[in-house]
Amino acid sequence: MVNVVIGAFYGDEGKGKIIDYLSKESKYAVRFSGGNNAGHTIEVDNHKYAFHLVPSGILNKNVKAIIGNGVVIDPKVLIEEINNLKENGYKVDNLYISNKAHLILPYHIELDEMQETIRKDKKIGTTKRGIGPAYCDKFERSGIRMEDFISKEFKTILKNNIENKNIIFKVYGFPEIDFDKVYKEYKEYAKIIKPYVCDTVTMLHKAIKNNEKILCEGAQATMLDIDFGSYPYVTSSNPTIGGAQTGTGIGAKYIDEVYGVIKAYSSKVGEGPFVTELKDEIGDKIRELGHEYGTTTKRPRRCGWLDIVALNYAIMINGLTGIAINHMDTIGKLDKIKLCVAYEYNGKREEYFSTNVDFLSKCTPIYEEFPGNFGDISKCKTFEELPINAQNYINRIEELTNTQVKFIGTGAGREDIIVR
Ligand code: GDP
Ligand code: IMO
Ligand code: MG
């Protein structure tokens with residue numbers, strides 16, 4: 001059985017917490033796209049784990065955690081994460097890294113930063129982790145895969161790559177990359193990472209044959225998808241359902257449930273359109289109540305109401321079979337909650353969604369209003385125990401999306417979840 005967890009909106013919906021829950025009953029948790037632009041937080045006994053590359057499923061010690069071929073890896077960040085886990089009592093010998101995953105090198109990070117500077121007011125607001133340039137090299141066929149990284153050929157490949165990059169850097173007037181410096185540092189990383197590298201495709205298909213449960217762990221989200229998101233304000237991979245297949249080697253016929261994660265409101269980091277954004281004191285209040293500051297870059301997240309038009313698009317693109325809604329505790333602290341049920345475009349009601357930036361910038365939200373004040377819901381363990389205002393809000397989301405809300409987040413802790 002293969003289940004997939006996908007961000008339905010602009011990222012940071014609380015995927016980490018849902019993955020943590022679902023991986024309890026899984027044998028494998030596999031990250032399939034993105035890199036350390038992701039930040040997945042799980043709170044265990046008041047300790048906050050922030051995962052950037054290692055699958056969040058690793059907190060469940062019976063799980064084999066896989067970094068799939070679709071991921072781009074900054075080895076320095078990965079090693080830091082492995083060490084942090086070890087310091088917290090995790091053995092990490094259950095981590096496996098695909099031999100086909102690509103390497104992020106210092107020049108990718110430099111390029112990411114430089115390109116953002118050059119874009120000036122057209123900047124994307126990237127995490128500056130080198131994600132875009134690393135995927136560019138992958139698709140341009142000059143990337144370095146894990147199997148190259150740990151091989152004897154690494155020195156020659158890297159030398160050749162840096163020579164080529166320096167030709168381009170010279171044209172732009174950027175400082176040249178020092179091969180010796182990079183090689184010296186990265187050959188040490190390669191030694192540390194080598195024992196984890198293997199053929200994860202074969203491993204996953206053996207698991208499928210043995211009827212073992214696999215959880216595909218999405219990073220980023222639908223609106224950040226390179227094809228289906230609000231281009232160019234997107235990331236450089238496919239965080240949607242297709243990415244779960246190409247980023248793991250698991251074909252469509254093996255996939256069972258596809259869960260889309262949302263918050264009871266919306267948030268976004270980086271530039272680009274956000275129809276339900278609240279640029280007022282309610283937006284500020286949500287940011288403070290929900291601690292909406294980036295896990296990776298610490299940037300304040302833009303906050304707004306939940307957008308059903310966008311959610312229905314995510315359901316359509318990913319074929320979502322269920323919804324996980326986090327931060328019901330946060331939204332319940334407000335007196336009134338708004339839910340965007342349609343847009344107004346050119347003076348007309350519009351339920352159609354397009355990630356076209358011009359279209360979105362001309363849409364204004366049409367809201368339904370709900371009473372809030374849920375009170376303390378942290379002790380609620382079933383849907384029926386939730387206050388009626390919270391039930392009504394969720395019922396309406398199900399009605400408008402024709403999709404069941406299967407998981408309800410009632411707090412940041414790993415146990416703060418209602419499963420239906
Ligand atoms: P991810 O990238 O989708 O895994 O999400 P992040 O970890 O970046 O951001 C989600 C934030 O919300 C984290 O700080 C979580 O600890 C927190 N969180 C997740 N679910 C809930 C919830 O139901 N209630 C509250 N209060 N916090 C939550
Ligand atoms: P998780 O997995 C939120 C955003 C960046 C920027 C855009 C492009 O934690 O949900 P990139 O560095 O990928 O080239 O930046 O994508 N972004 C995220 N926003 N959560 C994430 O991951 C994100 N990963 C990338 O802020 O707008
Ligand atoms: Mg995050």
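Values in this document were obtained by computation on a predicted structure and should not be read as measured data. First listed ligand is number 1; within each ligand, the first listed atom is number 1.
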ask   = Short question: side chain of N238, backbone of T240 - any donor-acceptor pair under 3.5 Å?
value = no
key: Shortest protein contact, atom 22 (C) of ligand 1 (heavy atom only)   = G411 O, 3.0 Å
message = Residue-level breakdown please: for D12 versus ligand 1, do any non-hydrogen atoms fall below 4.0 Å on the side chain, on the backbone, on both, or on neither?
response = both
query = Between the side chains of T126 and D112, is a donor N or O closer than 3.5 angstrom to an acceptor N or O?
reply = yes
message = I'd like to know if R301 contacts ligand 1, where contact means a heavy-atom distance under 4.0 Å to any ligand atom.
response = yes
inquiry  = Could you walk me through whether N83 and E80 satisfy the side-chain contact (heavy atoms from CB on, under 4.5 Å) test, starting with their C-alpha distance in whole Å, then the side-chain angles of each, then the deciding distance to 0.1 Å, before giving a yes or no?
reply    = CA-CA 5 Å; N83 288 341; E80 272 167 20; 5.9 Å; no
remark   = Note: heavy atom closest to atom 11 (C) of ligand 1, options R414, H327, K17, belongs to H327
request  = Could you establish whether D416 and ligand 1 come within less than 4.0 Å of each other, counting only heavy atoms on the residue side?
outcome  = no
The one among G413, G290, A412 that brings a heavy atom closest to atom 16 (O) of ligand 1 = A412
message = If the cut-off is 4.0 Å to any non-hydrogen atom of G409, which atoms of ligand 1 fall inside it?
response = 23 (O)
remark   = Within the heavy-atom cut-off of under 4.0 Å, ligand 2 is lined by Y10, G11, D12, K15, N37, A38, G39, H40, I124, G125, T126, T127, A219, Q220, L224, V234, T235, V269, G270, R299
ask   = Looking at ligand 1, does G39 have a heavy atom less than 4.0 Å from it?
value = yes
ask   = Would you call the rings of F9 and F274 parallel, tilted or perpendicular if under 30° counts as parallel and over 60° as perpendicular?
value = perpendicular
request  = Establish, yes or no, whether a centroid distance under 6.0 Å links the rings of Y345 and Y343.
outcome  = no
ask   = Which atoms of ligand 1 are found less than 4.0 Å from any heavy atom of T410?
value = 23 (O)
request  = Check the surroundings of atom CG in D280: do more than 12 heavy atoms from other residues, nucleotides or ligands lie under 6.0 Å from it?
outcome  = yes
task = Classify the ring geometry between Y49 and Y90 as parallel (under 30°), tilted (30 to 60°) or perpendicular (over 60°).
result = perpendicular
message = With 2.8 Å as the limit, count the protein N, O or S atoms near the Mg ion (ligand 3).
response = 2
task = Quick one: look up the protein heavy atom nearest atom 4 (O) of ligand 1 and list residue, atom name and how far away it is.
result = G16 N, 2.9 Å
request  = Mark the output for H291 as yes if a heavy-atom distance to ligand 1 is under 4.0 Å, and as no if none is.
outcome  = no
key: Whether G11 lies under 4.0 Å from ligand 1, heavy atom   = no
inquiry  = Check the orientation of H327 and Y265. Use parallel for under 30°, tilted for 30 to 60°, and perpendicular for over 60°.
reply    = perpendicular
query = Just by distance, with hydrogens left out, do E344 and T364 show a side-chain donor and acceptor under 3.5 Å apart?
reply = no
Interfacing atoms of ligand 1 (cut-off 4.0 Å, heavy-atom, T330) = 26 (N)
